[in-house]
Amino acid sequence: MDRGEQLGRIAEYAADQWGLVTAAQAKRIGLNAVQILRLTEAGLLENVGRGVYLLQAAGFPQHLEIKVAWLRLQPAVFASERPLGGKDSGVVSHASACQLHGLGDIPAPKAEISVPRRRTTTEPFVHLRTMQLDPGNITLVQGLPVTTARRTILDLFRSKTDGGHLGGVIADAERLDLIAIEDLQEIARPFTRFYGLPAQATGQELIEHLVGQADKHLRSQEVARANTEGFVAGLEAVRRMHEQMALPYSTLRETVERVGEAANAPMLAAGRMHERLALPNRALQETVDRVGEQIAAANGSMLAAGRMYERLALPNRALQETVRRVGEQIAAANAPMLAARQMYEPTADPRALEQEEASESAHAEGRPTAEQQDSTSGQADR
């Protein structure tokens, strides 16, 4: 088997083990100690722990020390062959489990692994704990068997971990949805005295105490605080609005009602003028139509002012500006009305208008007007 073949065979199994392979595993797939040494000397493998090698092409994995320590527990057994919670299989726990879960900032100078039966190690960076674990307390993180967040926190309580560090782990676990705080209350309750709380303190009080020591907040606390801050901000906004409102409620209502009356006045006048008009006059009719359009625009502003009055949400300046604009539109609506009235007054007598139109018609045809006929008739009588 040439070097390329040797490397390919190692890579096939190392791919499921973060690029790592033990000397005992390499032996199982047909490589001897001399071949492994040659691959290491060629820079294709790197010795990262006693009897554990890293395939250089794979790059360094995260938490290398923990993975090396776990592989060395059963050096001849591949990771895929190790049952979860098996009698000889180790489970990453305590501070090392926090590292893999990404919880808190507990120092972890050693790889902490729990095993079901008592075992010893000469590795200075490995701490083996004897502990039986149910499969329900184990989960896989990066392919490694790790205690669940809930079980990890329980183990930290039992090992009397520093309160600030433990509080940081709890806060991060809740933030990542790895635990529900309600599930931890019974776990925390027996440890209230150890962490300086009265014997009658609840598990919830201890959890909040520890999280506070870590200078963090539970998500439920943050939601409650946000709600409180929002409520206070709302009250402050209402207070400022009331300070800005210069008109009392009754005065505001009277002002809006007066604006409404002023806006309707041109409409009433136009109605009376239409009732009195007896003669067709296109120019006058067009003027009245334009007045009607402007009155409709004034009424639209009045509706806007009504909606503003119903909501009472605008500050005083905005309200005054709206009322001012309504007044300008009412004045604009009344201006054409006054012009129409001035034009209408000289033609208020129907007989006079008939005589004026008859005179204009006779003049156009060259016939004597009624006044000229009356004058001629008078001279004949004399």
Side-chain angles (χ1 to χ4, degrees), residues 66 84-85 90-118 127-141 144-236:
I66 298 175
L84 198 65
V91 178
V92 181
S93 62
H94 296 77
S96 295
C98 291
Q99 285 189 331
L100 288 169
H101 283 298
L103 305 178
D105 55 359
I106 299 179
K110 294 185 177 183
E112 296 189 74
I113 300 177
S114 294
V115 291
R117 58 187 178 88
R118 182 173 176 80
H127 182 190
L128 295 180
R129 296 174 179 269
T130 304
M131 186 167 58
Q132 294 283 346
L133 290 169
D134 295 329
N137 292 325
I138 305 172
T139 186
L140 287 176
V141 179
L144 277 172
V146 184
T147 52
T148 62
R150 184 180 185 276
R151 178 59 196 235
T152 300
I153 293 171
L154 173 60
D155 292 339
L156 295 177
F157 268 119
R158 288 174 174 172
S159 60
K160 307 298 191 297
T161 302
D162 171 73
H165 286 128
L166 181 52
V169 170
I170 293 173
D172 288 347
E174 187 211 27
R175 177 178 55 82
L176 295 173
D177 288 326
L178 297 178
I179 60 165
I181 294 301
E182 296 77 9
D183 295 340
L184 293 183
Q185 293 177 4
E186 289 302 316
I187 292 177
R189 176 70 182 82
F191 303 96
T192 53
R193 292 287 298 276
F194 176 81
Y195 287 101
L197 295 187
Q200 63 272 21
T202 65
Q204 178 70 27
E205 290 172 337
L206 175 56
I207 290 171
E208 293 178 356
H209 173 69
L210 296 176
V211 170
Q213 283 187 336
D215 197 23
K216 293 190 176 185
H217 299 280
L218 296 174
R219 188 165 51 191
S220 57
Q221 291 174 325
E222 292 176 350
V223 171
R225 184 176 60 180
N227 289 339
T228 301
E229 291 175 354
F231 180 71
V232 172
L235 290 178
E236 179 63 18

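Residue numbers start at 1 and run along the sequence shown.
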Kindly write out the residues that satisfy side-chain hydrogen bond (donor to acceptor under 3.5 Å, both in side chains) with [X], not counting sequence neighbours, or none if the list is empty.
X: Gln213; result: His209
X: Ser93; result: Ser114
X: Gln185; result: Gln204
X: Thr161; result: Ser159

Practice item. Could you tell me which residues satisfy salt bridge (Lys or Arg N to Asp or Glu O under 4.0 Å) with Arg151, sequence neighbours excluded, listed by chain and number? Key: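 Partners of Arg151 by the salt bridge (Lys or Arg N to Asp or Glu O under 4.0 Å) criterion, ordered by chain and then number, come out as Asp155.
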Practice item. Taking salt bridge (Lys or Arg N to Asp or Glu O under 4.0 Å) as the test, write out the residues that go with Arg118, two or more places apart. Key: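 Testing Arg118 for salt bridge (Lys or Arg N to Asp or Glu O under 4.0 Å), a comparison that skips the adjacent residues, returns none.
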Going by salt bridge (Lys or Arg N to Asp or Glu O under 4.0 Å), name the pairs with one or both residues in [range], residues two or more places apart or in two chains.
range: residues 128-141; result: Glu112-Arg129
range: residues 177-195; result: Asp177-Arg219
range: residues 160-176; result: Asp172-Arg175, Asp172-Lys216

Review point. Hey, are the side chains of Cys98 and Thr152 touching, using non-hydrogen atoms and a 4.5 Å cut-off?
Key: yes
Exercise for review: Could you check if a side-chain atom of Ile207 sits within less than 4.5 angstrom of a side-chain atom of Leu218, using non-hydrogen atoms only?
Suggested key: yes
Practice item. Return yes if a side-chain donor-acceptor contact under 3.5 Å exists between Thr139 and Thr148, otherwise no. Key: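 Their side chains do not contain a donor-acceptor pair, so the 3.5 Å distance test is not met.
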Which heavy-atom pair separates [X] from [Y] by the least distance, and what is that distance?
X: Pro145; Y: Gly90; value: CG-O, 3.4 Å
X: Ile179; Y: Ala149; value: CG2-CB, 3.9 Å
X: Thr130; Y: Pro116; value: CG2-O, 4.2 Å
X: Ala214; Y: Gly168; value: CB-N, 3.4 Å

Revision key, fill the gap. CG (Leu103) and CD1 (Ile153) are apart, to the nearest 0.5 Å, by 7.0 Å
Revision key, fill the gap. d(Leu184 CG, Leu154 CG) to nearest 0.5 Å is 9.5 Å
Point to revise | Selection residues 160-192 - residue pairs positive for ring pair (Phe, Tyr, Trp, His ring centres under 6.0 Å), sequence neighbours left out | key: Phe157-Phe191
Review point. Are the side chain of His101 and the backbone N or O of Thr147 linked by a donor-acceptor pair below 3.5 Å?
Key: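 Yes; judged by distance alone, with no hydrogens or angles, the pair exists.
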Exercise for review: Could you pull out all residues at least two apart from Glu205 that satisfy side-chain contact (heavy atoms from CB on, under 4.5 Å)?
Suggested key: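 Glu205 satisfies side-chain contact (heavy atoms from CB on, under 4.5 Å) with Ala201, Thr202 once adjacent residues are dropped.
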Check your understanding: What do the steps show when you test Ile106 against Leu156 for side chain to side chain contact (heavy atoms under 4.5 Å, CB included), and what is the final call?
Key -> CA-CA 10 Å; Ile106 299 179; Leu156 295 177; 3.8 Å; yes
